[in-house]
Amino acid sequence: MVRCLRTSGVTSRIEMHTNASLLTAEMAKEIARAGFSRIIVSLQGMDASTYQRVCGVRLDWDDFYTLFDKIADTVSVEEVTPLWNLV
């Protein structure tokens with residue numbers, strides 16, 4: 001769908017917002033190749049235990065946090081926001 005939007009000229013910006021809990025390295029590469037203007041990954045916590053408590057997903061924090069390092073133009077924490085007093 002992203003490739004279709006990109007080639008159609010319907011819009012100049014295509015963004016995705018995700019918690020990335022199901023994202024794999026291969027999926028991240030495909031998403032990057034698809035042509036998104038921006039991908040926003042919400043880190044539902046700043047460590048594995050908080051992420052698991054909030055999202056219910058156990059993950060390797062180091063692998064997860066660095067998933068986009070090799071394919072992203074920038075990786076940064078733009079804003080820290082309390083989430084429903086769970087953090």
Side-chain angles (χ1 to χ4, degrees):
M1 182 165 33
V2 174
R3 288 183 183 109
C4 180
L5 283 171
R6 180 63 67 198
T7 58
S8 72
V10 171
T11 183
S12 61
R13 296 188 54 82
I14 303 169
E15 298 183 355
M16 174 176 63
H17 198 135
T18 178
N19 72 6
S21 62
L22 300 176
L23 200 60
T24 64
E26 188 55 39
M27 288 170 62
K29 290 176 189 172
E30 286 300 315
I31 289 169
R33 288 185 207 123
F36 282 95
S37 306
R38 183 175 181 197
I39 300 169
I40 303 157
V41 178
S42 293
L43 299 177
Q44 308 298 335
M46 294 305 290
D47 58 40
S49 62
T50 304
Y51 192 95
Q52 182 178 358
R53 189 170 69 245
V54 173
C55 292
V57 176
R58 177 176 280 148
L59 46 77
D60 181 313
W61 185 255
D62 291 333
D63 285 347
F64 175 72
Y65 189 77
T66 59
L67 196 57
F68 286 96
D69 274 353
K70 293 181 179 74
I71 59 174
D73 294 329
T74 60
V75 175
S76 61
V77 175
E78 293 180 358
E79 182 178 349
V80 176
T81 305
L83 183 68
W84 309 304
N85 295 326
L86 295 174
V87 178

Apply side chain to side chain donor-acceptor pair (under 3.5 Å) to Thr18 and list each qualifying residue two or more places apart in sequence or on a separate chain.
-> none
Of the non-hydrogen atoms in Ala48 and Leu59, which two are nearest, and what is the gap between them?
-> CB-O, 4.1 Å
In short, ring-ring contact (aromatic ring centres under 6.0 Å, His included) pairs touching residues 26-57 with sequence neighbours left out are Tyr51-Phe64
Under the side-chain contact (heavy atoms from CB on, under 4.5 Å) rule, collect the residues that match up with Asp62, sequence neighbours excluded.
-> Asp60
Pairs meeting criterion salt bridge (Lys or Arg N to Asp or Glu O under 4.0 Å) with involvement of residues 9-28, two or more places apart | Arg13-Glu15
Distance (rounded to the nearest 0.5 Å) between Met27 CE and Leu22 CG | 7.0 Å
Say whether, by atom type as modelled, one donor and one acceptor occur between the side chain of Thr7 and the main chain of Arg3 under 3.5 angstrom.
-> yes
Atom of Met46, atom of Thr50 and distance for their closest heavy-atom approach | N-CB, 4.5 Å
For Ser37, which residues count as a side chain to side chain donor-acceptor pair (under 3.5 Å) partner, sequence neighbours excluded?
-> Arg6
Under the salt bridge (Lys or Arg N to Asp or Glu O under 4.0 Å) rule, what pairs show up with a residue in residues 40-52, not counting sequence neighbours?
-> none
Residue set satisfying salt bridge (Lys or Arg N to Asp or Glu O under 4.0 Å) with Arg58, at least two apart, ordered chain then number -> none
Any side-chain heavy-atom pair from Met16 and Ile31 closer than 4.5 angstrom?
-> yes
